[in-house]
Amino acid sequence: MIRTLIFGAGAVGSLIGGLLANAGHPVFFVGRRSNVDGIRSQGISITGLWGNHKVAPQPAYETIQDIPEAERVFDQIFICVKAFDTPAAIEACKPVVGDSTIVISMQNGYGNCQIIADAIGQERTLGGRFITGVELTAPGELNVTVHFDAIRLGHYWREFPLPHLQSFAMTLYEAGVPCEATEELEQFIWAKIMYNAALNPLGALLGVTYGALADNPNTRAMMDDVLDEAFAVTAAHGIPQFWTSADEYRQAFYDKMVPATAAHFPSMLRDLEKGRRTEVDALNGAICQLGAEKNIKTPVNQTITRLLRAREQRPS
C-alpha cells in the first residue's frame, strides 16, 4: 500500500485521492473546510467520464498539523493547489517529507516543479500533466466532464530512474487513474501551457466556450498571436517542444485539441464568477516573464494578463 497525502483537496485532488483510496491505499486529504468536511463525513462521489465511484469517508483535515502525528508518514504527496499557492504549499508539506517521500505537482502553469524542487530537491520532485476537466459540484461530489489524454507523469530534469517512475504511474493506473510515465514531461507541460494560455483567459473574459473562441475570427487571431509569442519565447530559452513551429502547433490545436473540448467553459471563468484569483500569472504571465528575460516582446500575452488582473480586482 502507498501512503498518500493530497494537499489541495479540491476537484483534481479529490478525484485522484478518491480513486487511490478506493483501491485500498491509505489517503489523507488536506483542503478547504467545506470540502474536507464532506470527504470526512460522507466520502467522495465520482461521476462522469471516469465512471461512477463511491468512496467511503476518508481522513480529511484543514491543515497537516490536524493530522494525528503518528499518521504523518507518506510515500507520496500530491500538490494540487493553484499555481500561486505552490510556495506556501511546499513549505507546509516540508515537515512530512521523509527521506523516501516523493512530491508530485499535479498543477497548471509554469514553475511549479521548480519551486518544489528548490524546497526539497530535484531528486524527489515529479510533475504530472493533467488535462482532464473536473467539477466539484458539492462537498465530496465530483463530475469528470472532459478527458483529453492520460496524465503524463515525469521528472522535469530527466534524472529519475524510469522503472521507478513507471511504478508510480502504475499505482495510479491500477487505481483507475489514466496515467503513463514519460521522459518528456517538459514538452507535455508546455503543450498544456500554450493550450491554456490561448483559451482560458479569453474564454473567461468573454464567458464563452473553447469552440466559440475558435469560431470567432477576432478571438482566433488573438489566440494565434498568443501562440506565436509563446513559441518565440520557448525557442529563445531552448525549451523543447513536440512541434517545430507555431504553425505546426496551431494545426494540432485547431484540428484536434479544440474540437475535443469545444463545449468546455474554462475553469478560469468559474474563478472569476466566484471572485477568486486566477492562474493567469503562471500561463500568459509566465510567457511574458520568460520573454522579458530574452528581450522578446509579448504584447498580446501582456495585454491578456493585465485584463485578467484587472477583472480579478473587480467586485463580482
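The shown structure was predicted, so the numbers you read here are calculated from the model rather than taken from an experiment.
If you chain together hydrophobic residues whose side chains sit under 4.5 Å apart, Ile104 and Tyr173 never meet in one group. In the hydrophobic clustering of ILVMFWY residues, with side-chain heavy atoms under 4.5 Å counting as a link, Ile79 and Phe160 come out apart.
Contact check on Asp85 versus Lys82 returns no salt bridge, with no Lys/Arg side-chain nitrogen under 4.0 Å from an Asp/Glu carboxylate oxygen. The existence of a salt bridge linking Glu312 and Arg309 is excluded, since no basic side-chain nitrogen approaches an acidic carboxylate oxygen closer than 4.0 Å. Ion pair Glu69/Arg72 not flagged as a salt bridge, since none of the NZ, NE, NH1 or NH2 atoms sits closer than 4.0 Å to an Asp/Glu carboxylate oxygen. The residues Lys256 and Asp149 are annotated as not salt-bridged, no charged nitrogen and carboxylate oxygen being separated by less than 4.0 angstrom.
Among all heavy-atom pairs drawn from Ser14 and Phe29, the shortest one is CA-CE2, 4.0 Å. Summarising the geometry of Gln76 relative to Phe78, their closest heavy-atom pair is NE2-CE1, 3.5 Å, with the distance given to 0.1 Å. Taking each heavy atom of Gly109 and Leu283 in turn, the nearest pair found is CA-CD2, 3.8 Å. Here the shortest heavy-atom pairing between Gln241 and Met194 reads OE1-CE, 3.4 Å. Nearest heavy-atom pair across Leu172 and Cys179 is CD1-SG, 3.7 Å.
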| message | Using ring pair (Phe, Tyr, Trp, His ring centres under 6.0 Å), reason through Tyr110 and Trp190 one step at a time and then give a plain yes or no. | response | CA-CA 8 Å; Tyr110 173 77; Trp190 268 98; 5.7 Å; yes
| task | Go through the steps to decide whether Val36 and Val30 satisfy the test side-chain contact (heavy atoms from CB on, under 4.5 Å), and finish with yes or no. | result | CA-CA 7 Å; Val36 297; Val30 170; 6.0 Å; no
| query | Does the salt bridge (Lys or Arg N to Asp or Glu O under 4.0 Å) test come out yes or no for Arg250 and Asp228, once each step is laid out? | reply | CA-CA 9 Å; Arg250 268 193 289 271; Asp228 282 335; 3.0 Å; yes
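Relative ring orientation between Tyr210 and Tyr195 is described as perpendicular, the plane-to-plane angle rising above 60° on a 0-90° scale split at 30° and 60°. Using the six-membered ring where Trp is involved, Phe253 and Tyr249 have ring planes that are parallel, under 30° apart on the 30 and 60° scheme.
Cation-pi contact between Arg220 and Tyr254: present, with separation from the ring centre below 6.0 Å and deviation from the ring axis of at most 45°. A cation-pi arrangement, defined by a distance under 6.0 Å to the six-membered ring centre and an angle within 45 degrees of its axis, is absent between Arg3 and Phe28.
Side-chain atoms of Thr101 come within 3.5 Å of backbone N or O of Phe74 as a donor-acceptor pair. Looking at His25, its side chain never comes within 3.5 Å of a backbone N or O of Thr4 through a donor-acceptor pair. Here the side chain of His155 pairs a donor or acceptor atom with the backbone of Gln122 at under 3.5 angstrom. A donor-acceptor pair under 3.5 Å links the side-chain atoms of Thr219 to the main chain of Leu213, judged by distance alone. Side-chain atoms of Arg158 come within 3.5 Å of backbone atoms of Glu183 as a donor-acceptor pair (strictly under, hydrogens ignored).
Residues Phe188 and Phe242 bring their aromatic ring centres within 6.0 Å.
In this structure, the salt bridge (charged side-chain N to carboxylate O under 4.0 Å, His left out) partners of Glu180, at least two apart in sequence or on a different chain, are Arg152.
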